[in-house]
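Model, not experiment: these values are computed from the prediction.
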Amino acid sequence: MTADPTFRGFALDAETALALLQWQAELGADEPCLDAPLDRYVMPERAEPPPAPPPAAAPAPRDEARDAAEDLVARAEAMAAAARSLDALAAAQEAFDGIELKKGARNFCFCDGNPAARVMIIGEAPGEEEDRQGRPFVGRAGQLLDMMFDAIGLSRKAVDAERALYITNVLTWRPPGNRRPEPAEIAMMLPFLRRHVELVQPQLLVLMGNTPCIAALNQQGILKLRGKWTAAFGLPALPMAHPAYLLRTPLAKRDAWADLLSLAARLDG
Ligand code: URA
């Protein structure tokens, strides 16, 4: 039944509609119905809520220490790239204030030997004696280094480029207590070292110990790397055990001798 005041198209006045309603109630119609049957067992379809938008990605927390270290490396790169001569590079590297080691060291230790040399040796960092004199490899390890290279006819004092050596270190300032250079220190000095090699343009590099292998090859494990020719800064490079290690481990001198002979053969060839 319908509660529509029009009944099947006929308009009803209020009185008639009420009479009809009472009549229907007497017949037992006790609830109003719609024209179309209503199935009450069918659950009304619930509209699915729209999918929640993905949570906005939280901005990565800024690592200020890393940003600062990257800025320093970028500054070192700019200063090194601007240097047009070894003197200019030495001045730029000495002026670079990003490296804390500078504050504790006595002297800047840039190089020794003959820049016209065919062989450029790259060591780790100045020790006590190097820090005192401002020249690389002048302590006990340096004396052994001189003897080793002398044995194949090479010397840092040689004027003749064929027989000469040129020597530098990854770090130009002494780390306190001769501790190992830290990765951030190596990263800051690397642009200067790369430019140093570019300006000297040697024929061959010797990487003395782990630290120059980390800097130039991004590899470590000198006892595995030693004696195997590789490439560093675009040049042939020979990793060798550090003379300080040879002083502590005399048996390793046999391998070092083999490495020196390999270097001499390469120069002769
Ligand atoms: N060890 C190095 O690697 N370099 C030096 O100058 C002295 C010791």
Side-chain angles (χ1 to χ4, degrees), residues 101 109 111-113 117-131 136-156 165-190 193-194 196-197 200 202-269:
L101 295 177
C109 190
C111 72
D112 200 13
R118 292 190 291 166
V119 178
M120 178 167 179
I121 297 175
I122 304 176
E124 179 175 293
E128 190 179 0
E129 194 52 35
E130 290 78 16
D131 185 41
F137 279 108
V138 289
R140 275 187 72 221
Q143 285 158 19
L144 177 57
L145 180 141
D146 284 341
M147 281 163 48
M148 288 163 61
F149 282 87
D150 198 41
I152 57 164
L154 300 179
S155 161
R156 67 173 98 191
L165 284 177
Y166 184 76
I167 307 176
T168 190
N169 281 315
V170 174
L171 300 190
T172 46
W173 305 103
R174 183 190 181 198
N178 296 347
R179 68 154 169 76
R180 280 175 189 234
E182 290 174 359
E185 293 163 347
I186 295 175
M188 262 187 268
M189 292 294 101
L190 186 56
L193 179 63
R194 188 180 290 116
H196 204 155
V197 174
V200 173
Q203 193 175 315
L204 307 170
L205 295 172
V206 175
L207 307 174
M208 269 308 177
N210 248 327
T211 299
C213 290
I214 294 169
L217 307 176
N218 198 20
Q219 289 182 56
Q220 56 184 319
I222 186 62
L223 297 182
K224 280 208 182 119
L225 294 169
R226 61 138 286 276
K228 299 189 184 103
W229 283 94
T230 181
F233 305 121
L235 296 171
L238 181 65
M240 285 185 64
H242 195 283
Y245 172 76
L246 300 180
L247 286 171
R248 295 192 302 271
T249 322
L251 275 181
K253 287 182 183 167
R254 199 175 47 183
D255 286 340
W257 178 237
D259 298 345
L260 287 169
L261 292 180
S262 165
L263 178 70
R266 189 114 183 186
L267 289 170
D268 284 347

Can you tell if the side chain of [X] reaches within under 4.5 Å of the side chain of [Y], non-hydrogen atoms only?
X	Y	value
M120	L235	no
R174	C109	no
P243	M208	yes
L223	Y245	yes
L205	I122	yes
D146	F137	no
D255	R226	yes
V119	P202	no

Output the distance between atom [atom1] ([X]) and atom [atom2] ([Y]), rounded to the nearest 0.5 Å.
X	Y	atom1	atom2	answer
W173	M189	CH2	CE	9.0 Å
L145	I121	CG	CD1	4.5 Å
L144	K253	CG	NZ	5.5 Å
M188	E182	CE	CD	9.0 Å
D131	L101	CG	CG	10.5 Å
I214	I186	CD1	CD1	5.0 Å

Between [X] (side chain) and [Y] (backbone), is there a donor-acceptor pair under 3.5 Å?
X	Y	result
R118	L267	yes
E130	G127	yes
D112	T168	no

Sequence-distant partners of S155, side chain to side chain donor-acceptor pair (under 3.5 Å), two or more places apart
none
Run W229 and L204 through side chain to side chain contact (heavy atoms under 4.5 Å, CB included) and show every step you take.
CA-CA 10 Å; W229 283 94; L204 307 170; 4.0 Å; yes
Nearest non-hydrogen partners of [X] and [Y], listed with the distance:
X	Y	answer
P239	D259	O-OD2, 4.3 Å
A216	L207	CB-CD2, 4.2 Å
P175	A125	CD-CB, 3.7 Å

H196 and Y166: ring pair (Phe, Tyr, Trp, His ring centres under 6.0 Å), yes or no, with the steps?
CA-CA 11 Å; H196 204 155; Y166 184 76; 5.5 Å; yes
R179 CZ: over 12 foreign heavy atoms closer than 6.0 Å
yes
